[in-house]
Amino acid sequence: MPFQDVPARVDDYAKQEHEVLQLWKDTDAFQTLRTLHAGQPKWSFLDGPVTANNPLGVHHGWGRTYKDVFNRFWTMRGRELRYQNGFDCQGLWVEVEVEKELGFRSKRDIETYGLDAFVRKCKERVLRFAAVQTEQSTRLGYWMDWNDPDHLRELATALMESPLQRMTVQGPRGEVTDTVEQLVGRLGMPDLGGSYFTFSNENNYMIWTFLKQCWQRGWLYCGADVMPWCSRCATGISQHEIVTDGYQELTHTSITLRLPLRGRQGESLLVWTTTPWTLPSNVVAAVGPELTYVKVRQGDEVLYLSKGTLHMLRGAYEVLGEMPGSVLEGWTYDGPFDHLEAARRPGGNGALRDLAQDVSVCAAEAHRVVLWDEVSETEGTGIVHVAPGCGAEDFRLGKEHNLPILAPLDEEGYVLAGFGDFSGQHVSALLDGIRQTLIDSGCLYHVEPYTHRYPTCWRCATELVFRLVDEWFISMDELRHAMMEMTKQIRWIPAFGLDRELDWLRNMHDWMISKKRYWGLALPFWECDACGHYEVIGDDRELAARAVAGWEDFEGHTPHRPYIDAVKIACSTCGGQMQRITDVANPWLDAGIVSFSTLGYRTEREAWRDWYPAHWISESFPGQFRNWFYSLLAMGTVLENSPPFKECFGYATLIAEDGRAMHKSWGNAIEFNEAADRMGVDVMRWLYCAHKPENNLPFGYQRADEVRRQFLIPLWNMYSFFVTYANLDGWEPDREEFEPGRPEGPTPHSDNVLDTWIVARLNQVTERCTTSLQDSDTHAATLAIAAFLDDLSNWYIRRSRRRYWKSTHDTDKHTAYATLYHVLVKLIKLLAPLTPFVTEVMYQNLVRAMQPAAYDSVHHCDWPEVDMAVVDATLLDQMALARQITSLGLGSRGSANIKVRQPLSAALAYVHEGEAAWSETHTAIVCEELNVKSLQFVEQEAQLLSYEVLPNNKLLGPRLGAALGRVRAALTHADAGAVVQQVQSGNAVALSIDGETFELTPDEVLIRTHPAAGLAIATDRGVTVAVETDITPELRTEGLAREIVRRLQVMRRDAGFNIADRIVTYSLGDGPLADALLTWGDYVKAETLSIDLVAGAPPAEAYSEEHRIDGMTITLGVQRRVVTN
RNA sequence: GGGCCUGUAGCUCAGUUGGUGAGAGCGCACGCCUGAUAAGCGUGAGGUCGGUAGUUCGACUCUACCCAGGCCCA
């Protein structure tokens, strides 16, 4: 049973990959893999969930390739894995897309539509995109415990039609029957299997448990803060949402205004703002304690501002004096909006709890100058208008000074009551009225457009405002330090990840976890209507036990709005009725809990211990230090006081080939599906793996072509070469003692130096790959393999070709096949985790088709073992030397402009060291490659070169120290030839310098050579090679014969003959060409598989061409001849 | 303002504890080889290894400062 023929060229690698996918599906290859490795030591990979909200991009492919490579690697190393993918499901991301789908513009649209229907639409969207992403991941060759995408779609449809309908599905532990809504809520749990979904009941209740622990330790609180706020979405926008995509260059109207000082007639503070709408909420003015302020006269008024901002003045002025900021402290002023009711109400207008409880003054009374370190002169006047209800920093300053708070805006950006005519107007429409008030009060100084980076809503591009809101926070005071301890116990790749994470933790404020939206984790905080007391519920069981009303509305639903909101509990303080706050949670809680929720922390604690902490996690690092890595750490710290993962592998950002970020609108984005089918995913995966992960990865078709040309096609060519000749010779691998885990068999024995060399290289590379991948370094692995592919293709096979196509069937030929077979099979196992498709294709033919006992898939095999006994360092050195001599010889031929096809009589080589183990075989290899009749080593390099002698700094530096410089100089001036002779005969070199004698051992002297002029020579690293350039008539004749052979070979191919076809060759010509054919007739016949060489014109049915060689003409013809024997 | 990363050929990047020639791929030019190879090989042009100072016998490599770019925080 021969191998299946392999085409020399694959037209469509992507098509081939689809066939492999079908094979895996038909043979259930992934399940077989799990069975094979069940019960082995565990390697725990915890997947960072991908937001199931859109199709995957090629940047997801990068991360998923890493995940799959290491999953496959550790599986082959004999580990049991979980293979659970994760989908991130809850949060504003999904809401935004569903709102777009439904054409909604505001929260009111959602409430009109109905929370129940809206939340179901969110779930439906997640299920549908989880199905899409599952298909795309499968296409990438990512082996995970995937759900059937069609089943996910069925659930999505059923959820929209009748969520309470009961369904039965087959799970890994048997049939499961439940309502559609509950089946969706149980996805990813052990009885249903498949990917985990962060909207699952278990995920949500596990977060409740976490929050309750935080609460019990006193870390959970409801507090007020000023947040960036979108008035159209009516929600706070957290800092990381702004960072992602939120800043735009915008031009606003900036205003410079006077604040008239009380008790200083005609004198004013000059302040500047880019947000005039905040002026009616002004409470104090701040100056920098380190800054110098000036008093200036302008016309009949006196103004104060900082010395470094005098350019803010318009018109002539006179400086009256200078003073430090501290002099201004405590001065009071009149605000232009003090007539407003809000400015006259003690404590301000804040509707929020307790904020201004003990503040008895109103804003108008509070107006004074305070000191503030954060005031600078980089913009403005050095005097800052402070509105504690309208800015985060202002708010903190207000708390520090116990100031009243004016918070002017409602959820949708309209001004609240108490602000006179402004009340009821939208924040975007306030400018004119404010300007008019300033004019009327004489406070307006200057108005000017101002362009700056300003945060906008990433969803709707509305300019954000800063709004005082009640939110829920986890205090970082204590947690921060514990998390930093955990962080230090983790291995971060790249290593700077540790510093990044620690930096984030050091600077992190209290963690805001609430969001006033609809689709997300329902925060388990119940608040008493009567006394305001609140409690945190730890899970579903506790809720059931505490419920006093509304349970019947909730029962049977997942813990999401609106149903969860119906459940009331009794207040443990006053006995009143408590209801849930309506906020949902920050989605990073969802992703952070997965080391508990997906591993069975609440339900199967022993199994959880088997898989926690994860050995390895991986995500793109730019954002995740503050997101997923952070939230995992927080939950591991709170729940178990341990790091939830041991190694964190981060990678940078994928960019387009043009060096810019990929953007659809820039036309440089590449869709995942398109890339997969145009490049082939093996190419994509190699491209990903060959990159250093801490650098941004340029991705595109040009780079993919390079990978195909340099990696995939050469690999395929070698495979095709092997199969072609093995089939011609009927060679088949040994079927005795076949082990399915090691289909390459034991290391073959051979007396051929090329065989032993390539086997040594193979094991060397196997060792490097093993070490690299254990160390989470795919880049090093690809470098090692790429070098090996070059050795295999451009040296081993190239130099061994004749062994395969010679006509006798001898031991050497058999050994050649056995060796190449062994090498190819072991190589594809090394490559299998990196490029799972092409290796599978090769395996199916090389192994599976030949060995009845073979595993179904290359991915079921064991990781190749390293046979260090065959890694002979001397052998490797010698072959490296042979390649070097060859390369230099070709170089020297080139410099003499003599083609390799022209035989030459001799090559002369001088080798500085290491020729001891040189053999005749090496000589033969070099002669053949260089096309010379002999290779001679010369004793005296001086025949070819001149010398330079240098001190061996590495040895002499430590010994001589500062004297090294003088020794170097003395060596330079010494007779180099004499020194070299001393060294080469193993004697010490004595140098006399300024009456002092230095003895240098041979090791301590390095010899460098320079080629002498006038010879066709080349030199490199202590090796020198020359070729004799004299071409005798005999050599010329032989050269012509080789030239004719080459042309006949091309003609054979052009005529469409098979490589094993026998032919008759015709030649019509005379002179030296005819002589060459006569003299070298047997050679020509053997090389071209000609059974006859006919002198004369080729017959009409032969394929013939006229050739010009060295100015002479010859007509050649080839004709196929059937041989019967 | 603070933290982290990056700076090596026209472009994209390797360069393993400091050790003497500074490399690859792409692109360009010229040549070679082809009985696996629309592949490969060789040669050439092109570099103050961001800059300055320091440590050292010796720095692309270590240290400090500076410059430029990126990311994060403020």
Side-chain angles (χ1 to χ4, degrees), chain A residues 6 8-9 239-240 243 373-374 376 378 392-393 494-504 506-509 621-623 625-626 652-653 657-659 690-692 694-698 702-703 705-710 712-725 779-780 783 786-787 790 793-795 797-798 801-802 804-805 886-895 897-901 929 931 950-968 1006 1008 1018-1022 1045-1046 1048-1050 1052-1053 1057-1061 1087-1089:
Chain A
V6 175
R9 175 188 165 199
Q239 200 60 37
H240 78 254
V243 166
D373 286 336
E374 294 187 33
S376 81
T378 49
E393 296 83 7
F496 64 73
L498 175 65
D499 290 330
R500 287 267 185 100
E501 191 64 51
L502 289 176
D503 183 57
W504 167 253
R506 253 191 303 274
N507 292 307
M508 159 105 194
H509 294 174
F621 56 59
F625 291 111
R626 63 172 188 269
T653 304
E657 259 174 349
D658 60 13
H691 191 73
K692 288 222 302 188
E694 64 265 38
N695 295 344
N696 287 346
L697 168 63
Q702 219 170 317
R703 291 175 65 97
D705 282 341
E706 282 177 35
V707 169
R708 186 168 38 247
R709 285 215 314 275
Q710 283 164 18
L712 196 56
I713 290 177
L715 176 68
W716 189 265
N717 285 335
M718 292 189 277
Y719 164 58
S720 162
F721 170 85
F722 170 79
V723 168
T724 303
Y725 285 95
H779 173 242
L783 283 180
D790 178 65
S793 170
N794 288 319
W795 196 247
I797 292 182
R798 178 181 161 82
R801 277 178 299 190
R802 280 167 189 274
Y804 298 95
W805 76 60
T886 305
S887 168
L888 289 168
L890 289 170
S892 54
R893 288 187 78 111
S895 67
N897 212 7
I898 303 171
K899 290 182 179 186
V900 177
R901 223 172 292 129
E929 187 69 18
N931 197 14
L950 293 167
N952 185 333
N953 291 338
K954 193 168 188 175
L955 297 175
L956 286 174
R959 179 155 88 82
L960 298 179
L964 183 59
R966 285 185 290 145
V967 170
R968 180 199 316 276
L1006 293 179
R1008 195 188 292 173
T1019 187
D1020 180 46
R1021 287 179 245 191
V1045 165
R1046 191 186 77 85
L1048 285 170
Q1049 305 291 24
V1050 175
R1052 281 182 61 110
R1053 192 170 61 194
F1057 299 168
N1058 291 323
I1059 54 172
D1061 285 344
E1087 289 295 307
T1088 58
L1089 299 186

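Proteins get letters first, then strands, A, B, ... in listed order; numbering begins at 1 in each.
Considering every non-hydrogen atom in both A:His691 and A:Asn696, the closest pair reads NE2-O, 3.0 Å. A:Trp716 and A:Ala8 get closest at one heavy-atom pair: CD1-O, 3.8 Å.
Residue-to-nucleotide proximity on RNA chain B shows that, of A:Ala8 and A:Phe496, the 5′-proximal contact is made by A:Phe496. The 5' end of RNA chain B is approached more closely, in terms of each residue's nearest nucleotide, by A:Glu706 than by the other of A:Glu706 and A:Asn507.
Using atom P as the reference point in both B:C57 and B:G3, the two lie 32 Å apart (nearest Å). With P as the reference atom, B:G15 and B:C5 are 16 Å apart, rounded to whole Å. B:A64 and B:C26: their C1' atoms are spaced 38 Å apart (whole Å). Rounded to the nearest Å, the gap between the P atom of B:U63 and that of B:G27 is 38 Å. Rounded to the nearest Å, the gap between the P atom of B:A29 and that of B:A22 is 27 Å. Atom name P, nucleotides B:G46 and B:A9: the rounded distance is 14 Å, in whole Å. On the C1' atoms, B:G18 is 11 Å away from B:U55, given to the nearest whole Å. Comparing the C1' positions of B:G47 and B:C33 gives an interatomic distance of 31 Å, to the nearest angstrom.
Among B:G3, B:U34, B:A36, the nucleotide with an atom closest to any side-chain atom of A:Arg901 is B:U34. Comparing B:A36, B:A74, B:C4 by their closest approach to the side chain of A:His509 singles out B:A74. Of the candidates B:C73, B:G3, B:A36, B:C73 carries the atom nearest the A:Trp504 side chain, counting heavy atoms from C-beta on. Closest approach to the A:Asp499 side chain among B:C4, B:G25, B:A14 is made by B:C4 (side chain taken as heavy atoms from C-beta onward). In this structure, of B:G3, B:A36, B:U34, it is B:U34 that holds the atom nearest to the side chain of A:Arg1046. Set against B:C73, B:G35, B:A36, the side chain of A:Leu1089 has B:G35 as its closest nucleotide. Of the candidate nucleotides B:U12, B:G3, B:A36, B:U12 has the atom lying nearest to any side-chain atom of A:Pro698.
Atom-to-atom, CZ of A:Phe722 to C1' of B:G35 comes out at 18 Å; the value is rounded to the nearest Å. Atom CZ in A:Phe625 sits about 13 Å away from atom P in B:C4, given to the nearest Å. The separation between A:Phe621 atom CZ and B:C71 atom P is 13 Å, rounded to whole Å. Remark: P of B:C13 and CD of A:Glu657 are 12 Å apart, rounded to the nearest angstrom. One interatomic measurement links the two molecules: CZ of A:Arg708 to C1' of B:G25, which rounds to 16 Å at whole-angstrom precision. In this structure, the NE2 atom of A:His779 is 15 Å from the P atom of B:A24, given to the nearest Å. What separates CG of A:Asn717 from C1' of B:G40 is a distance of 10 Å, to the nearest Å. The CG-P distance, from A:Asn696 to B:C72, rounds to 12 Å in whole Å.
Between A:Gln710 and B:C26 there is a side-chain polar atom (N or O) within less than 4.0 angstrom of OP1 or OP2. Remark: A:Lys692 is in phosphate contact with B:A14, judged by side-chain N or O atoms under 4.0 Å from OP1 or OP2. The phosphate of B:A14 has OP1 or OP2 within less than 4.0 Å of a side-chain N or O from A:Asn695. Within the structure, a side-chain polar atom (N or O) of A:Tyr725 is placed less than 4.0 Å from OP1 or OP2 of B:A36. Within the structure, every side-chain polar atom (N or O) of A:Arg506 is placed at least 4.0 Å from both OP1 and OP2 of B:G2. Between A:Arg703 and B:U12, a side-chain N or O to OP1/OP2 separation shorter than 4.0 Å is absent. Between A:Arg626 and B:C73 there is a side-chain N or O to OP1 or OP2 distance below 4.0 Å.
Side-chain contact check for A:Gln1049 versus A:Val1045: some heavy-atom pair is nearer than 4.5 Å. Residues A:Thr886 and A:Trp795 are in side-chain contact: their nearest non-hydrogen atoms beyond the backbone lie under 4.5 Å apart. The shortest side-chain heavy-atom distance between A:Tyr725 and A:Arg801 does not fall under the 4.5 Å cut-off.
Among the heavy atoms of the strands lying under 4.0 Å from A:Thr1088 is at least one base atom, whether or not backbone atoms are also near. A:Trp716 comes within 4.0 angstrom of nothing in the nucleic acid, heavy atoms only. Using a 4.0 Å heavy-atom criterion, one finds that A:Arg709 contacts the sugar-phosphate atoms exclusively. Within 4.0 Å (heavy atoms only), A:Gln1049 reaches at least one base atom of the nucleic acid.
Applying the side chain to side chain contact (heavy atoms under 4.5 Å, CB included) rule to A:Arg1046 yields the partners A:Arg901, A:Glu1043, A:Val1050; only residues at least two apart in sequence or on another chain are considered.
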Residues 495-503 of chain A, side-chain donor-acceptor partners within the protein, below 3.5 Å, at least two apart:
{"from": "A:Asp503", "atom 1": "OD1", "to": "A:Asn507", "atom 2": "ND2", "distance (Å)": "3.1"}

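Distance check: A:Leu1048 CG to A:Leu1089 CG gives 11.5 Å after rounding to the nearest 0.5 Å. Taking OG1 of A:Thr653 as the start and CZ of A:Phe621 as the end, the distance is 7.0 Å to the nearest 0.5 Å. The distance from atom CG of A:Asn717 to atom CG of A:Leu712, rounded to the nearest 0.5 Å, is 9.5 Å.
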**OP:** Toss me the dot-bracket line for RNA chain B: Watson-Crick and G-U wobble, both under 3.5 Å, 5' to 3', using | for pairs to another strand and [ ] for crossers.
**Re:** (((((((..((((.....[...)))).(((((.......))))).....(((((..]....)))))))))))).
